Amino acid sequence: MANSYKLAIPSDRAERLQYIRRMFPQAVGSFLGDAWCGGRHEALRRLNTIDIEAYGRNHSFLNGSVTKLSPYLRHGCLTLKEVSDNVRYRFGAQAEKFVEELAWRDYWRRVWYELGNGIFSDIEDPKVALGDKLLPDFIRQGITGLPCMDGFIRDLTLEGYVHNHARKWFAAYLVHWLKVDWREAADWFENHLLDGDKGSNHLSWQWVASLNSSKPYYFNKDSLARHTGEKYCTNCKVNCPFDASHEALNEKLFADTVPAKAKVHRVAMPEKTPISAHQAVAIFVHDEMLSPAHPLLRRPMPKIFVIDDFLHGKWPLKRLQFLADCLNELQDVEIWIGDTRAILKERGVGQIVTQDTPNKQVKALLEPFNPIYQPEIKFTEAEISEQRLKRFTRYWDKVSVELFGDSVSS
Ligand SMILES: Cc1cc2nc3c(=O)[nH]c(=O)nc-3n(C[C@H](O)[C@H](O)[C@H](O)COP(=O)(O)OP(=O)(O)OC[C@H]3O[C@@H](n4cnc5c(N)ncnc54)[C@H](O)[C@@H]3O)c2cc1C
């Protein structure tokens, strides 16, 4: 275990953020600061201050009352069910629009369970021709010359959070205007997000690209200007590539192009390692179950979390700091940096128990330790057939009835 260390995360927050910066000198990007603090405590505060009426009215606007709960849901500080139960209890039918947005996360997660690493490749044939360009440097550097897109890139790389509508515009710009390979763009985008989640991210990029929907997603200047309150357009002097009607853009972006066949993408997996001869059983805490209220964390067994290059090597500094905030709230969890398998072996672990995950990279890493996977807490009890899983509308037709009864608005 030459390169493995046990971390002693400081409980004082300012100390903690500095400590993580020192421990991960190679981590890129900005400092997390006070705008975001990881952990269940902060997640509950955000949940309790939701303005559900305003959310229903303005969540698709850039300055709308969105909750910014996604990094907390992604890391398991709160479960989708906790959030859904809470808002339905407090606000009844008024919570419907918000719960429908939560349901998107459950929906993508189910598709991820179903397809595994298939989500990294085209799920269906594209409905329009897609490009295969590499991600240009002017995107990585945020110097497209378009104030809106440069603003979204700043949100992404400095804050690690981008509004949902801006994510869609940005993805459409890359995939349909610049003809960048969606898979390369999706990987880069996810790495910068505090809520970076392979299911929600890669499947949303596929949705924009028309790989799990019947048509491509694109937008025009009028729509962007309206939903951003003209924030970027007022002083914009560039020749706007989005300034046209939907019909004209459709003609420009997709005419004379023949859709290609679906593309398959290989995903890195860990090397095979022989089964361990050790016998001790431990709880393996992975990065989707970081809540002190998690049932597995209450068990009287050794609990181990590893910051492993294979899983977290590309995480920017602010995300590692967010992670440290979350880990700081967990009692009795050993926190290591290094190679998961080497650490588990050294600790004499022969078997691990953990929460189930659709992440096949985590599963492949744990495979030598005879893992027992405890099911995740379900967002919905509704049985979802493979057919319903093909499109969100079919899934929501069923789930909305279970959550809100027959009177739900369509
Ligand atoms: C290209 C692209 C990439 C994305 N990548 C991610 C990602 O890596 N991780 C991630 O959590 N979400 C991702 N999303 C979905 C969505 O943009 C974010 O979940 C949402 O913007 C988070 O902000 P919020 O918590 O303020 O959302 P709110 O509007 O307050 O919604 C509450 C919660 O509902 C869930 N949710 C809302 N909209 C969606 C959606 N469209 N898809 C899935 N879940 C949703 C999220 O968990 C969110 O926290 C992506 C969307 C697009 C278009």
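Small disclaimer: the values here were computed from a predicted structure and weren't measured. Atoms within a ligand are numbered from 1 in the order they appear, just like the ligands themselves. FYI, side chains are in, hydrogens and waters are out, and symmetry mates aren't considered; it's all heavy atoms of this structure.
Taking a 4.0 Å cut-off on heavy atoms, R74 fails to register as neighbouring ligand 1. Remark: distances from the non-hydrogen atoms of Y55 to ligand 1 include one below 4.0 Å. Ligand 1 lies less than 4.0 angstrom from a heavy atom belonging to Y161.
K378 and E402 are not joined by a salt bridge, as no carboxylate oxygen comes within less than 4.0 angstrom of a charged side-chain nitrogen. Under the 4.0 Å criterion applied to side-chain N and carboxylate O atoms, R57 and E53 are assigned as salt-bridge partners. The pair K398-E383 does not meet the salt-bridge criterion, since no charged nitrogen lies less than 4.0 angstrom from a carboxylate oxygen. Note on R109 versus E288: salt bridge recorded, some NZ/NE/NH1/NH2 to OD/OE distance being below 4.0 Å.
The minimum heavy-atom distance linking I123 with L211 is given by the pair CB-O, 3.8 Å.
Stacking of K363 on the aromatic ring of Y373 is recorded, both the 6.0 Å distance cut-off and the 45° axial limit being met. The side-chain tip of R167 points at the ring of Y161 from less than 6.0 angstrom away and within 45° of straight on.
Closest to atom 2 (C) of ligand 1 among all protein heavy atoms lies S204 CB, 3.5 Å. Nearest to atom 33 (C) of ligand 1 among the protein's heavy atoms is L102 CD2, 3.6 Å. With hydrogens left out, the protein atom closest to atom 3 (C) of ligand 1 is N201 OD1, 3.3 Å, a heavy atom. Looking at atom 27 (O) of ligand 1, its nearest protein heavy atom turns out to be T67 OG1, 4.2 Å. In this structure, the protein non-hydrogen atom closest to atom 16 (C) of ligand 1 is N164 OD1, 3.3 Å. Looking at atom 53 (C) of ligand 1, its nearest protein heavy atom turns out to be K168 CG, 3.5 Å. Scanning the protein for heavy atoms near atom 1 (C) of ligand 1, the closest one is W205 NE1, 3.5 Å. In this structure, atom 40 (C) of ligand 1 lies nearest to the protein heavy atom W104 CB, 3.7 Å.
With hydrogens and angles left out, the side-chain atoms of S65 and D51 include no donor and acceptor closer than 3.5 Å.
At a 3.5 angstrom cut-off on N or O pairs, E101 counts as close to ligand 1. Not one N or O of A171 is nearer than 3.5 Å to an N or O of ligand 1, by distance alone.
The G196 neighbourhood of ligand 1 comprises atoms 8 (O), with distances under 4.0 Å to a heavy atom of that residue. Residue contact check: R105 has heavy atoms under 4.0 Å from atoms 11 (O), 43 (C), 44 (N), 47 (O) of ligand 1. The atoms of ligand 1 that sit less than 4.0 Å from any heavy atom of L73 are 47 (O), 49 (O). The ligand atoms of ligand 1 that sit less than 4.0 angstrom from a heavy atom of F189 are 3 (C). Atom numbering of ligand 1 starts at 1 in the shown order; those under 4.0 Å from a heavy atom of L193 are 5 (N), 7 (C), 8 (O). Short contacts between ligand 1 and W108, defined as distances under 4.0 Å to a heavy atom of the residue, involve ligand atoms 42 (N), 43 (C).
Separating the CG atom in N164 from the NE2 atom in H227 is a distance of 11.0 Å, to the nearest 0.5 Å. Note: L134 CG to E184 CD = 5.0 Å, rounded to the nearest 0.5 Å. Here OH of Y107 is found 8.5 Å from CZ of F392. Values are rounded to the nearest 0.5 Å. Interatomic distance, CH2 of W36 versus OH of Y72, reported as 5.5 Å (0.5 Å rounding).
With a 4.0 Å cut-off on non-hydrogen atoms, F98 touches ligand 1 through its side chain and not its backbone.
Distances from atom 49 (O) of ligand 1 to the heavy atoms of A166, P71, S70 show the closest one on S70. Of all the listed residues (H163, R167, H59), R167 holds the heavy atom that lies closest to atom 4 (C) of ligand 1.
Aromatic rings from F152 and F189 are positioned such that their centres are separated by 6.0 Å or more.
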